[in-house]
Amino acid sequence: MTPFTKQVIEIIQIIPKSKVMTYGQIARLAGSPRAARQVVRVLHSMSKKYNLPWHRVVNAKGEIAIKDDESYHEQLMSLEYEGIEVGIHGKVDLSKYQWLP
DNA sequence: TGGATGACCTTAA
DNA sequence: ATTAAGGCCATCC
């Protein structure tokens, strides 16, 4: 496991309830400003094994960036359940819900 | 225009 | 079969 991956995982686990983070933000916090994709990768394939609250991660625009419908809805529900208002495109108000460490 | 951004796809232990 | 790392470019303001 690379230190970066570890960082990403930890950061994600730290996101408080009713808050979200963006890919780029996480990548930066993990030390690699250009690794947004890596973050995606980690989220996509390691979320189950590490019990990550992946539903609290959205893209830079504050939207749910998932393709798979199942997962998309799963995230949508999770977010709303936590009290986050989600718009019609799965969009949330970043200025309100983005977590700033 | 150009810079930021990305929920993938392939390869390796 | 399972699990992690790496990558490089199309897309969208």
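Nothing here was measured: the structure is a model prediction, and the numbers come from that model. Each chain gets a letter, A, B and so on, in the order the sequences are listed, and its residues count up from 1.
Residues of residues 75-82 of chain A that place a heavy atom closer than 4.0 Å to DNA chain B, in numerical order, are Gln75(A).
With Glu63(A) contributing its side chain and Gly87(A) its backbone, the two residues share no donor-acceptor pair below 3.5 Å. One N or O on the side chain of Glu82(A) and one on the backbone of Ser18(A) form a donor-acceptor pair closer than 3.5 Å. Using modelled atom types, no side-chain atom of Ser32(A) and backbone atom of Ala27(A) make a donor-acceptor pair closer than 3.5 Å. Counting only distance, with no hydrogens or angles, the side chain of Gln75(A) and the backbone of Val58(A) share no donor-acceptor pair below 3.5 Å.
Heavy-atom contacts from other residues, nucleotides or ligands closer than 6.0 Å to NZ of Lys19(A) number more than 12. Counting heavy-atom neighbours within 6.0 Å of Lys48(A) NZ, excluding the residue itself, gives a total above 12.
The base of dC8(C) sits within donor-acceptor range of the side chain of Arg37(A), with an N or O pair under 3.5 Å.
Of the listed nucleotides (dA4(C), dT5(B), dC8(B)), dA4(C) has the atom at the smallest distance from the side chain of Met1(A). With distances taken from any side-chain atom of Ala36(A) to the nucleotides dT3(C), dG6(B), dG6(C), the minimum falls on dG6(B). Side chain of Met46(A), nearest nucleotide from dT5(B), dA4(C), dA7(B): dA4(C). Listed nucleotides dA7(B), dC9(B), dT3(C) differ in distance to Arg41(A); the shortest reach to its side chain belongs to dC9(B).
Atom CG in Asn59(A) sits roughly 15 Å away from atom C1' in dC8(B) (whole-Å rounding). Atom P of nucleotide dT5(B) and atom CD of Gln38(A) are separated by 16 Å, given to the nearest angstrom. Remark: P of dT3(C) and CG of Leu43(A) are 17 Å apart, rounded to the nearest angstrom. For Lys91(A) and dC12(C), the NZ to C1' distance is 13 Å, given to the nearest whole Å. Between the CG atom of Leu52(A) and the P atom of dA7(B) there is a distance of 17 Å, given to the nearest Å. One interatomic measurement links the two molecules: CG of Asn51(A) to P of dT3(C), which rounds to 13 Å at whole-angstrom precision. In this structure, the NZ atom of Lys49(A) is 7 Å from the P atom of dA4(C), given to the nearest Å. With rounding to whole Å, Asp68(A) atom CG is found 13 Å from dA7(B) atom P.
Ranked by how close their nearest DNA chain C nucleotide is to the 5' end, Pro3(A) and Arg34(A) are led by Pro3(A).
Taking all atoms of both residues into account, the shortest heavy-atom contact from Phe4(A) to Gln38(A) is CE2-CB, 3.4 Å.
Dashed line: the shortest gap from a side-chain N or O of Tyr50(A) to OP1 or OP2 of dA4(C) is under 4.0 Å.
Contacts of Thr5(A) with the nucleic acid, taken as non-hydrogen atoms under 4.0 Å apart, involve only primed sugar atoms and P, OP1 or OP2.
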